[in-house]
Number of protein chains: 2
Amino acid sequence: MAYDKMAYDKYAHEPFAVTADLAVLTIRDGVLHVLLVERGQEPYQGHWALPGGFVQPDESAETAARRELAEETGLSDVSGLHLEQLRTYSEPDRDPRMRVVTVAFTALLPHPPEPHGGSDAAQARWVPYDTVGPLAFDHDRILADAHERVGAKLEYSSLATAFCPPEFTLGELQHVYEVVWGTALDRPNFRRKVLATPGFVEAVPGAARLTGGRGKPATLYRAGAATTLHPPLLRPTPEGRPA
Amino acid sequence: MAYDKMAYDKYAHEPFAVTADLAVLTIRDGVLHVLLVERGQEPYQGHWALPGGFVQPDESAETAARRELAEETGLSDVSGLHLEQLRTYSEPDRDPRMRVVTVAFTALLPHPPEPHGGSDAAQARWVPYDTVGPLAFDHDRILADAHERVGAKLEYSSLATAFCPPEFTLGELQHVYEVVWGTALDRPNFRRKVLATPGFVEAVPGAARLTGGRGKPATLYRAGAATTLHPPLLRPTPEGRPA
DNA sequence: CCTCTTTATAGTCGTACTGACTATTAAGGG
DNA sequence: CCCTTAATAGTCAGTACGACTATAAAGAGG
């Protein structure tokens, strides 16, 4: 759409900038990691931040998020991965430069590529979630919201498979839950529950995997057709929450 | 924040307008209703649309939504009611005038006031959800998303009480679930489930209500302190969904 | 080669929750 | 006074789930 200043002034009077920011989560070495970039320019130059950037005139926020993700991670095929809108942050003073509204997204990656610094970023890096220090802007809050949302969605959706490679073992799938929730789960019960949920996973017709691991080789599974889990796979009650 | 055109041109190059739109839901005469306005100006003049408007320079989208809601409904106190961000719609062509990104909100009202036409609206009206025809812009989709979200949140949150007046009977609460989900629920089982969930509702120390109704008077309840329901109150499986 | 460790998988048992019912109580209407 | 309506109480069987024990199949180390 062409920029029609007359139409703009007639209705809106004051311009906003719109950005798309991403909380990209993955599991590396059994630990939850998030993709961060070091800002190469003011404001917050030298601070770590979530990757993201301005939405272009011909893009939706989703498209912009996917483009930024490809640019920051060097990932060639970002079409298939899980990208989900988190929420929009629009506090008037969240960016010192001007009025910036950001649409935040959550992305989940199975086997993460090594990122490289992009145009606006001095460098990009996978950072263990627990060691993330204060971030630029309100990105701490965005990241916390993303973590909370992902944790909640694991309960009633098949989202956990988005952290896994195309073929995975039930042990790997369970590990996703344990890492995101920060709790240990009973292995036989987890297995029973997952297999009793139709469409969650399906066994790969081939054989068991033997790669490297000690112990009995595990059966390989693929993500099934189901997107929602009925009944849900609830977190163990952390506090005085009733059973 | 003052409009700094130099900063704007340096970073963003092209202005966006940001609006806040509202899917305001309530239950009237036992039927789910949504608040709609008839547009008083182009584009879509004469078409029905969700209430909403431009976010002002000193407002967050949440603040703008609350202000618009007060203006369109004539509701004096909108501070206490349930307002929740739904998602943001940013397709480049969703508004024929110019580039408009809208942050959509869902609001739930117990006893709805009669709305009145506002500044931009020829008139405002409560419309039964099932009779909503094609709306302006992409508001059909926003409304459908809102309905779906509310239905899902009823399962694992105490959101249903937001549809009810401060004091309500379990029959009224059950009616909220039935109207939003479009399914009938077993009354004794619903009662048992709600009362077994600590913090969902609490009995009002006073007496039972006798007002108008035929049948045995019901005990009055208030919303409890809990916001999430553990375990959730799941919808009856509509299709071939496994128990 | 034998044993220990590790991981996957199989199965058991008792409790809690749920869906489908039936029964009783307390109002109002004719 | 009986019928209808709505709230509330209770029953019962199937299922799900947490906690647990047992077995199987691999590698590591002697």
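Numbered from 1 within each chain, the chains take letters A, B, ... in sequence-line order. We use all heavy atoms of the structure for the numbers below, so side chains are in, but hydrogens, waters and symmetry mates are not. Nothing here was measured: the structure is a model prediction, and the numbers come from that model.
Rounded to an integer number of Å, the gap from R192(B) CZ to dA9(D) P is 13 Å. Following rounding to the nearest Å, L234(B) (CG) and dG19(C) (P) show an atom-to-atom distance of 8 Å. Protein atom NZ of K193(B) is 18 Å distant from nucleotide atom P of dA9(D), rounded to whole Å. One interatomic measurement links the two molecules: CZ of R187(A) to C1' of dT21(D), which rounds to 16 Å at whole-angstrom precision. The interatomic distance linking N189(A) (CG) with dT12(C) (P) rounds to 14 Å, in whole Å. The distance from atom CD of E172(A) to atom P of dT7(C) is 13 Å, rounded to the nearest whole Å. Distance F190(B) CZ to dA20(C) C1': 17 Å, rounded to the nearest Å. Going from atom NE2 of H230(B) over to atom P of dC17(D) covers 14 Å, rounded to whole Å.
Summarising the local packing, CD of E148(A) is surrounded by 12 or fewer heavy atoms from other residues, nucleotides or ligands at distances under 6.0 Å.
A heavy atom closer than 4.0 Å to some atom of DNA chain C occurs in no member of residues 178-186 of chain A.
Residue K216(B) has its side chain nearest to dT25(C) when only dA9(D), dG29(C), dT25(C) are considered. Of the candidates dA26(C), dG10(D), dA10(C), the closest approach to any side-chain atom of P217(B) belongs to dA26(C).
Scanning both residues, A226(B) and F200(B), for their nearest heavy atoms gives CB-N, 4.1 Å. Of all the heavy atoms in A136(A) and H47(A), the pair that sits closest is CB-CB, 4.3 Å. When all heavy atoms of A20(B) and A64(B) are compared, the closest pair comes out as CB-CB, 4.2 Å.
Residues P188(A) and L233(A) both approach DNA chain D. Their nearest nucleotides, taken by heavy-atom distance, put L233(A) toward the 5′ side. The residue among L195(A) and P232(B) whose nearest nucleotide of DNA chain C lies closer to the 5′ end is L195(A).
Residues L83(B) and L22(B) are in side-chain contact: their nearest non-hydrogen atoms beyond the backbone lie under 4.5 Å apart.
Residues passing the ring-ring contact (aromatic ring centres under 6.0 Å, His included) test with F168(B): none are found, sequence neighbours excluded.
Between D145(A) and Y89(A), the side chains place a donor N or O and an acceptor N or O closer than 3.5 Å (distance only, hydrogens not considered).
R191(A) comes within 4.0 angstrom of the backbone, heavy atoms only, and of no base.
Not one side-chain nitrogen or oxygen of T219(B) sits closer than 4.0 Å to the OP1 or OP2 atom of dA7(D).
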